[in-house]
Number of protein chains: 2
Amino acid sequence: MPRNGSTTRTTIMDAAEALILETGFSATSVDRVIDRAGVTKGTFFYHFQSKAGLARALVERYAEHDLNNLESNLARAEKLSRDPLQQLLIFVGLFEEAAEALTEPYPGCLFASYCSEAGLFDQDTLQIIRDTMTTWRTRLGAKIEEAMAKHPPRLDVDADSLADMITVAFEGAFMLSKSLSDPNVVSQQLGHYRNYLELLFAEAPSAPA
Amino acid sequence: MPRNGSTTRTTIMDAAEALILETGFSATSVDRVIDRAGVTKGTFFYHFQSKAGLARALVERYAEHDLNNLESNLARAEKLSRDPLQQLLIFVGLFEEAAEALTEPYPGCLFASYCSEAGLFDQDTLQIIRDTMTTWRTRLGAKIEEAMAKHPPRLDVDADSLADMITVAFEGAFMLSKSLSDPNVVSQQLGHYRNYLELLFAEAPSAPA
DNA sequence: GTATAAAAACTGACTGGTCGGTATAAACAC
DNA sequence: GTGTTTATACCGACCAGTCAGTTTTTATAC
């Protein structure tokens, strides 16, 4: 059955992640996970030392995917333009494109899920979330400072909090999208973020293109 | 002991709300609630038909406070200016002021908490959250359209999604603030929202004040 | 004011069931 | 034959919820 490294482990993790996004970590019992994954309890505890171990493995995988998205879209944007501002706008646009393709509300973010039940997790597990968010801040903050050097912003803004804003847009929009069952919220909010960047760094007088 | 209508009931609700914001609804057992509130199990089930009944009562109270905030700050802003754009900017500024006063990260939003465990709640309870968010969208969306009529925006934007943006800023900033233990995130993000509104509706040429 | 009765608020032991986790023995895979 | 999986039985702790009964508050009567 295990084709790659460990399909069974992945199956368990996929089932658990889906359940956690529906009902949270606490309500996601091991029994429910193994039921959905189609494995027995022995198998679960063969692959994971404990339920907390599963939580840790899930957030590590999620963070890895998240940072891959960050880096790959940043790399794509850097290939498409040499201007840091344009790179930023393209970067946001790439996520916007992906969000536009969504037809269902949004399953939710594992980080937000953990954050809502933060008291249940150990510090190492929560640190992974912090590190991931800090990486977004640092990576985009640097790019924003490049853009600010080339294109003086119309308002005095802080690069880090402007970088944080895309995380805020994602997390807030995920939540609103899920609550209202509205698949359009995410792309709309990313669009507003892109608008904001454009207006902030627009040439002061109406210059010809 | 109960001086007004029902102090005991309020004590239970306060204890429950604090616990839910720490560890989520599912992990907030009735035993823990009554332990923190200093009442017995019988008392709990005298005041609430079930744990789901508590969830319902909590979200109703939270929504009421939330809409009170919306309406009172909107009323204050409308007194301070007659221009819809200025009213919007003042409105956001009032929340910004309150957020600046924070010294601790942020305990979290009950709506976000419920949303992360949405599968646990009945539709009536979730509808209260939807209704509250829709009210924000409608109330602010109308104000934004007034502003758009008076001050043609520099970009073509949708009034409703622009109204949603403050909810997104709140929810996203709450989450980031809690994750990073950074009390400044909320006011910073509200500041960016205010900046965005200013830039969107700024006079096209540099006009004299 | 004091006796009385009804209503409201509260008590805490108890129930059946689920929780995370363990144990064991036998099957299956490469 | 080692690594993986199944099946099932089991454990103590905790879960939401019940219930028979006690205490406190309030309303009424004299």
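So you know, we letter chains A, B, ... as the sequences are listed, proteins then strands, and number each from 1.
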Would you tabulate the pairs of protein nitrogen or oxygen atoms and nucleotide nitrogen or oxygen atoms of nucleotides 5-8 of chain C closer than 3.5 angstrom?
none

Could you go over nucleotides 23-28 of chain C and give all protein N or O partners under 3.5 Å, atom names and distances?
none

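Picking from D:dA7, C:dG21, D:dG17 the nucleotide with the shortest atom distance to the side chain of A:Thr40 gives D:dA7. Distance from the side chain of B:Thr8 is smallest to C:dC10 among D:dT5, C:dG21, C:dC10. Of the candidates C:dC10, C:dG21, D:dG17, C:dC10 carries the atom nearest the B:Thr43 side chain, counting heavy atoms from C-beta on.
Between B:Tyr193 and B:Val168 there is no side-chain heavy-atom pair separated by less than 4.5 Å. Within the 4.5 Å cutoff, side-chain heavy atoms of A:Met133 are placed close to those of B:Ser179. Contact annotation: the side chain of B:Leu58 never approaches that of B:Tyr62 to less than 4.5 Å [non-hydrogen atoms, C-beta and beyond]. Side-chain atoms of A:His65 and A:Glu60, non-hydrogen and from C-beta on, never get closer than 4.5 Å to each other. Inter-residue side-chain proximity for B:Arg194 and B:Leu190 is flagged as unmet; no heavy-atom pair is nearer than 4.5 Å. No side-chain heavy atom of A:Met13 sits less than 4.5 Å from a side-chain heavy atom of A:His47.
To the nearest angstrom, P of C:dA9 lies 17 Å from CZ of B:Phe45. For the pair A:Phe48 CZ and D:dT5 P, the interatomic distance rounds to 11 Å; values are reported in whole Å. If you measure from atom CZ of B:Phe44 to atom P of D:dT18, you get 12 Å, rounded to the nearest angstrom. If you take CG of A:Leu54 and P of C:dG20, they are 11 Å apart, rounded to a whole angstrom. Atom CD in A:Gln49 sits roughly 11 Å away from atom C1' in C:dG21 (whole-Å rounding).
For the helix from C:dG1-D:dC30 to C:dC30-D:dG1, the terminal axes (five pairs an end, C1' atoms, rotation from four pairs onto the next four) enclose an angle of 30°, given to 10 degrees.
One finds no salt bridge joining A:Arg154 and B:Glu198 here, because no Lys/Arg side-chain nitrogen approaches an Asp/Glu carboxylate oxygen to under 4.0 Å.
With sequence neighbours excluded, the residues forming a salt bridge (charged side-chain N to carboxylate O under 4.0 Å, His left out) with B:Asp83 are B:Lys150, listed by chain and number. Residues satisfying the ring-ring contact (aromatic ring centres under 6.0 Å, His included) test with A:Phe121, not counting sequence neighbours, are A:Phe25, A:Tyr114. B:Asn69 meets the side-chain hydrogen bond (donor to acceptor under 3.5 Å, both in side chains) test with no other residue; sequence neighbours excluded. With sequence neighbours excluded, no residue satisfies side-chain hydrogen bond (donor to acceptor under 3.5 Å, both in side chains) with A:Arg76. Checked against side-chain hydrogen bond (donor to acceptor under 3.5 Å, both in side chains), B:Arg61 has the following partners two or more places apart in sequence or in another chain: B:Asp14, B:Glu17.
Less than 4.0 Å separates DNA chain C from at least one heavy atom of each of the following residues of residues 20-39 of chain A: A:Thr28, A:Ser29, A:Val30, A:Asp31, A:Arg32. Across residues 113-126 of chain B, not one residue has a non-hydrogen atom less than 4.0 Å from an atom of DNA chain D.
Screening residues 162-178 of chain B for side chain to side chain donor-acceptor pair (under 3.5 Å), with sequence neighbours left out, gives B:Arg137-B:Asp164. Note on residues 154-182 of chain B: pairs passing ring pair (Phe, Tyr, Trp, His ring centres under 6.0 Å), not counting sequence neighbours, are B:Phe95-B:Phe170, B:Tyr106-B:Phe174, B:Phe170-B:Phe174.
No donor-acceptor contact under 3.5 angstrom links the side chains of B:Arg56 and B:Gln49, judged on distance only.
Scanning both residues, A:Ala37 and A:Ile12, for their nearest heavy atoms gives CB-CA, 4.0 Å.
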